[in-house]
Amino acid sequence: MTRLTALNPEEVTGKTKDLFNAVQAKLGVVPNMMRTMGNSPAVLEGYLNLSGALSHGKLSAKTGELIALAVSESNSCDYCLAAHTFIGEKLVKADPAVLKAARSGNSDDTKTEAILQLAKTLISKGGLVNDEDVNKAKNAGVSDAEIAETIGHVALNVLTNYFNNAANTEIDFPAV
């Protein structure tokens with residue numbers, strides 16, 4: 001049973017209504033996570049702003065989805081695993097085997113694997129990575145900008161993982 005209410009987009013007003021309308025226009029639907037975040041327009045807007053900013057970064061949408069899967073697996077977030085598997089398959093057209101491997105921080109591409117391993121290390125060390133951890137990524141060709149964005153993606157996904165795990169958000173994507 002959910003712990004926080006997923007708001008009905010037809011019944012909200014004010015800032016939440018504006019944010020829901022923007023999500024609806026972009027995605028065609030307001031997913032349960034965002035409907036639940038809508039209880040605090042500040043949280044929903046913060047999530048949308050960081051997500052939007054990262055979508056214009058150096059890391060591709062596919063890499064962002066792979067990071068999301070690696071982080072979500074580490075944080076046992078079933079909602080985000082379902083959402084990012086769906087997005088990965090349907091929107092960024094990633095192979096299901098690639099998506100599954102990302103959950104463990106693995107990739108056939110050396111640079112992508114270094115990014116995923118850095119993401120997993122950030123989670124396991126609570127952000128307290130060391131020179132060796134960062135240099136592993138750099139030695140695989142990951143730039144400082146890409147490392148910074150990896151940290152941003154990890155932070156974004158920690159927010160959504162913790163939010164969904166705490167709220168026990170009802171999964172509205174195909175389960176994985």
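- We find the CD-OG1 distance between Glu146 and Thr112 to be 9.0 Å, quoted to the nearest 0.5 Å.
- No donor-acceptor pair closer than 3.5 Å links the side chain of Glu113 to the backbone N or O of Asn106.
- Between Thr63 and Ser60, the side chains place a donor N or O and an acceptor N or O closer than 3.5 Å (distance only, hydrogens not considered).
- Residue Lys125 places its NZ atom among more than 12 non-hydrogen atoms of other residues, nucleotides or ligands, all under 6.0 Å distant.
- Atom CG in Asp133 sits 8.0 Å away from atom OG in Ser124 (nearest 0.5 Å).
- With rounding to the nearest 0.5 Å, the separation of CD in Glu149 from OG in Ser143 is 7.5 Å.
- In this structure, Asn32 contributes its side chain and Glu170 its backbone to a donor-acceptor pair below 3.5 Å.
- Hydrophobic cluster of Val142: the remaining members, joined at side-chain heavy-atom separations below 4.5 Å, are Leu59, Leu66, Ile67, Leu69, Val71, Leu81, Val98, Leu99, Ile115, Leu116, Leu118, Leu122, Ile123, Val129, Val134, Ile147, Ile151, Val154, Val158, Tyr162, Val176, listed by chain and number.
- Clustering ILVMFWY residues whenever any of their side-chain heavy atoms sit less than 4.5 angstrom apart, transitively, puts Leu27 in the very cluster that holds Leu7.
- Ring geometry for Phe86 versus Phe173: interplanar angle of 30 to 60°, hence tilted.
- Here the CG-CG distance, from Leu50 to Leu156, works out to 4.5 Å after rounding to the nearest 0.5 Å.
- In terms of heavy atoms, Ala82 sits closest to Pro174 at CB-O, 3.4 Å.
- Note on Asp144 versus Lys138: salt bridge recorded, some NZ/NE/NH1/NH2 to OD/OE distance being below 4.0 Å.
- Atom CG of Asp131 has 12 or fewer heavy atoms from other residues, nucleotides or ligands within 6.0 Å.
- The only option from Thr160, Asn165, Asn161, Thr85 that meets the side chain to side chain donor-acceptor pair (under 3.5 Å) definition with Ser72 turns out to be Asn161.
- Looking at Asn157, its side chain does come within 3.5 Å of a backbone N or O of His153 through a donor-acceptor pair.
- Proximity of Leu44 to Phe20: side-chain heavy atoms (C-beta onward) are separated by under 4.5 Å at one or more points.
- Of the possible polar contacts, one joining the Tyr79 side chain to the Met33 backbone as a donor-acceptor pair under 3.5 Å is found.
- Under a 3.5 Å cut-off, the side chain of Asn75 and the backbone N or O of Cys77 do not form any donor-acceptor pair.
- Looking at Thr16, its side chain never comes within 3.5 Å of a backbone N or O of Val12 through a donor-acceptor pair.
- Side chain of Lys17 to backbone of Pro9: a donor-acceptor contact under 3.5 angstrom is found.
- The 12-atom threshold is exceeded at CG of Asn49, counting heavy atoms of other residues, nucleotides or ligands nearer than 6.0 Å.
- Comment: Lys120 does not engage Glu73 in a salt bridge, judged by the lack of any side-chain N to carboxylate O separation of less than 4.0 angstrom.
- Rounded to the nearest 0.5 angstrom, Asp95 CG and Glu89 CD are separated by 8.5 Å.
- At a threshold of 4.5 Å between non-hydrogen side-chain atoms, the residues Asp18 and Pro41 do not count as touching.
- Distance CG/Asn164 to SG/Cys80: 4.5 Å, rounded to 0.5 Å.
- More than 12 heavy atoms of other shown residues, nucleotides or ligands fall within 6.0 angstrom of atom NZ in Lys111.
- The shortest side-chain heavy-atom distance between Lys15 and Glu45 falls under the 4.5 Å cut-off.
- Side-chain atoms of Arg3 and Thr169, non-hydrogen and from C-beta on, never get closer than 4.5 Å to each other.
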